[in-house]
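Everything numeric in this text was worked out from a predicted model, so none of it was measured. Each chain gets a letter, A, B and so on, in the order the sequences are listed, and its residues count up from 1.
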Amino acid sequence: MYQLILRRTGRSLLAIIGVSIVAFIAVRMSGDMERFLLPPDAGAEDFARVRHEYGLDQPLYLQYLFFIAKAVTGDFGTSWRWHDPAWTVVVDRLPATLQLAAAAALIAFLIAITVGPLSAARPGSWIDRIGRVFAILGQSMPAFWVGLMLIRIFAVDLRWLPSYGRGDLSNLVMPAISLGWYAAAAQTRLMRSAMLNVLDSEYIKLARLKGVPEFYVIYKHGLRNAALPVLTLMGVQWAALLSGSVVIETIFAWPGVGRTIVEAIFNRDYAVVQAGTFMMSLIFVGANLTVDLLYGVLDPRIRNAR
Amino acid sequence: MQDQATRRPEPLLVVDGLKTHIETRNGVVKAVDGISFSVHQGEIVGLVGESGCGKTMTSLSIMGLVPAPSGRIVAGSIRFAGKELVGLGEREMRAIRGRDISMMLQDPLTSLNPVFTIGNQVAESFIFHRRKGEAPRSIKDKVVEVLQRVRIASPERFFSSYPHQFSGGMRQRVSAAIAIAPQPKLMIADEPMTALDVTTQAQFLQLLRQLRSETDLSIIYITHDLGVVARLCSRVIVMYAGHIVESGAVGAIYKSPAHPYTRGLMNSVPRLGASRGRLFQIEGQAPHLQNMPPGCPFHPRCREAQDICRQELPPMTDIAADGHRAACWFPQKTPLNPVS
């Protein structure tokens with residue numbers, strides 16, 4: 001088990017370094033920072049001075065090495081726009097993004113874990129049909145459209161929920177639903193098909209032959225085996241929920257990391273983009289690592305593998 | 001062994017005119033089509049036949065686990081220890097299933113849940129079937145004890161191990177432990193040795209015999225292996241295309257099988273010492289259970305078939321006074337000679 005953790009952690013580190021390189025290069029390819037810092041009539045020597053000040057006149061690989069050397073100490077540079085350390089800018093907005101993504105993931109998880117097994121246990125029943133309609137809707141409607149429709153119905157017409165900002169739970173409901181619906185749909189369908197497969201297996205037959213009540217057959221013997229593929233999907237979706245939240249954060253004026261990164265890209269705020277992508281990749285990788293380790297907890301065959 | 005049946009008045013299990021049909025898109029499959037047989041306490045009965053002849057569906061009918069909603073018991077009765085099982089509610093059936101009647105499945109590699117410990121899976125047999133007035137002991141003790149009964153050397157180690165850590169033979173012992181744990185009266189073993197190698201099979205047969213003599217357990221042993229039946233069972237029932245074609249004491253049937261199908265089966269078993277000619281084979285294929293021919297189900301493949309065989313289903317008739325019965329218009333009376 002320790003070996004497993006060690007190996008997976010090593011792989012995760014590699015992934016983070018890779019992401020940081022790509023982000024570092026990509027943001028520099030998107031445009032020059034100094035054009036935002038200097039007035040339109042600035043001369044060539046002004047440009048050279050600013051480039052030197054920010055170290056932009058160095059070769060790219062040296063710039064990267066400087067960046068990494070500082071980053072490992074937690075220093076991602078200063079945002080020229082916010083005049084704060086870039087890391088602080090991102091960290092301040094992290095709770096909002098995490099809260100939204102977690103709420104969406106929780107909605108998806110709860111729906112998948114109830115509707116999925118139940119529809120698999122009785123294919124063609126009313127719960128299976130409702131689940132199917134729900135899934136088709138979720139998978140075919142883009143999140144931003146769901147968001148707009150929810151605003152239209154529940155904020156404009158019914159006036160039940162606030163349409164923007166972050167505050168109490170009522171602010172969270174609509175963004176979380178628009179963000180989580182797609183994930184819920186995919187997870188429910190996958191849970192259903194994985195469960196159908198599992199319910200067809202011999203050990204389920206034996207459990208029934210033993211006289212195990214159907215509830216335990218499904219939720220004890222079935223769920224733990226059917227959970228593995230769904231868990232993989234959840235890991236991938238956690239990433240999608242975080243990045244997808246950029247759109248939802250914009251629609252609902254949710255003060256999160258996604259919106260901040262988008263603004264930083266437009267402003268060529270290199271430091272914030274780098275700190276933000278680093279943070280995101282940390283979360284992605286963390287999620288995938290958690291999934292990998294959960295495999296081991298759920299399936300003893302993986303736990304005992306070399 | 002032979003007279004065990006006559007000694008005991010009331011059989012443990014009486015199946016009478018059982019018909020289990022399955023509706024498919026292409027019509028009704030008559031998987032079990034009117035079979036009757038009984039099993040006495042402490043008796044090991046072999047249920048023999050080709051794949052798809054209705055052996056497994058018969059056992060699922062007894063267990064009350066015919067795959068719904070397509071499958072259904074359409075007629076007949078199953079009486080177990082004096083109680084009618086057909087039409088019993090799920091709750092009552094579950095109290096019997098796995099407790100009074102248990103079942104072992106074919107493949108020990110797939111019939112144990114890979115994500116739970118062996119102790120956990122054996123314990124379920126106790127947890128869901130607690131008997132009243134039982135001496136209160138911890139579940140773990142009971143599990144260890146039952147693992148010992150199936151001759152597992154270090155039950156303590158097994159308790160917290162997972163199925164994938166053991167060989168097929170050991171896993172089948174665990175399956176046997178699960179089956180006998182609730183002290184059932186009847187155990188149905190559905191080809192439990194198919195996945196085992198020959199030496200493991202011999203040990204496993206030994207184990208089944210011991211279990212029977214220790215607990216007076218009745219066993220229905222489903223197989224297509226006539227050699228195993230000869231070594232294990234006292235009585236044999238031969239099924240063909242959803243019907244019972246012959247039944248009786250093992251000795252009688254092996255010596256002089258009356259039904260042409262049974263004769264064909266016996267002749268297709270390779271024998272030591274027989275000359276090495278081509279092995280006998282029953283011509284043709286088993287009929288598709290959807291469009292069964294009228295008359296005797298075996299007539300398209302039968303060399304002795306006459307007009308009546310194509311028109312009327314032969315009833316089970318007595319061949320000898322010892323309970324040897326067959327469903328054939330022209331039963332063979334001569335002993336079987338080894339093919340030469």
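- Distance check: A:Glu202 CD to B:Asn113 CG gives 12.5 Å after rounding to the nearest 0.5 Å.
- Using a 4.5 Å heavy-atom threshold, the side chains of B:Gln121 and A:Tyr203 count as separate.
- Using a 4.5 Å heavy-atom threshold, the side chains of B:His164 and A:Pro300 count as touching.
- Within a 6.0 Å sphere centred on CD of A:Gln139, heavy atoms belonging to other residues, nucleotides or ligands number more than 12.
- Rounded to the nearest 0.5 angstrom, B:Tyr162 OH and A:Asp299 CG are separated by 9.0 Å.
- Note that CZ of A:Arg208 and CE of B:Met103 are 13.5 Å apart. Values are rounded to the nearest 0.5 Å.
- At most 12 non-hydrogen atoms from other residues, nucleotides or ligands lie less than 6.0 angstrom from CZ of B:Arg72.
- Counted within 6.0 Å of OH on B:Tyr221, heavy atoms from surrounding residues, nucleotides or ligands total more than 12; the atom is thus considered enclosed.
- Of the residues listed (A:Asn225, A:Leu228, A:Val297), the one engaging B:Val115 in a side chain to side chain contact (heavy atoms under 4.5 Å, CB included) is A:Asn225, and it is the only one.
- The number of heavy-atom neighbours closer than 6.0 Å to CG of A:Leu169, taken from other residues, nucleotides and ligands shown, is 12 or below.
- Chain A forms more heavy-atom pairs under 4.5 Å with one residue of B:Ser175, B:Pro163, B:Gly98 than with any other, namely B:Gly98.
- Atom NZ of A:Lys210 is separated from atom CD1 of B:Ile178 by 4.5 Å, given to the nearest 0.5 angstrom.
- Shown here is B:Phe159, whose CZ atom has more than 12 heavy atoms of other residues, nucleotides or ligands within 6.0 Å.
- B:Glu124 is listed as a side-chain neighbour of A:His221, based on a closest heavy-atom distance under 4.5 Å.
- Ion pairing between A:Glu214 and B:Arg94 fails under the 4.0 Å rule for side-chain N and carboxylate O.
- Neither the backbone nor the side chain of B:Ser102 comes within contact range of chain A, judged by heavy atoms closer than 4.5 Å.
- From B:Met63, atom CE reaches atom CG of A:Leu209 across 4.5 Å, with rounding to the nearest 0.5 Å.
- The contact between A:Leu298 and chain B is made entirely by backbone atoms, counting heavy-atom distances below 4.5 Å.
- For B:Phe128 and A:Tyr216, the ring centers sit closer than 6.0 Å to each other.
- Rounding to the nearest 0.5 Å gives a distance of 12.0 Å between OG1 of B:Thr110 and CD1 of A:Ile204.
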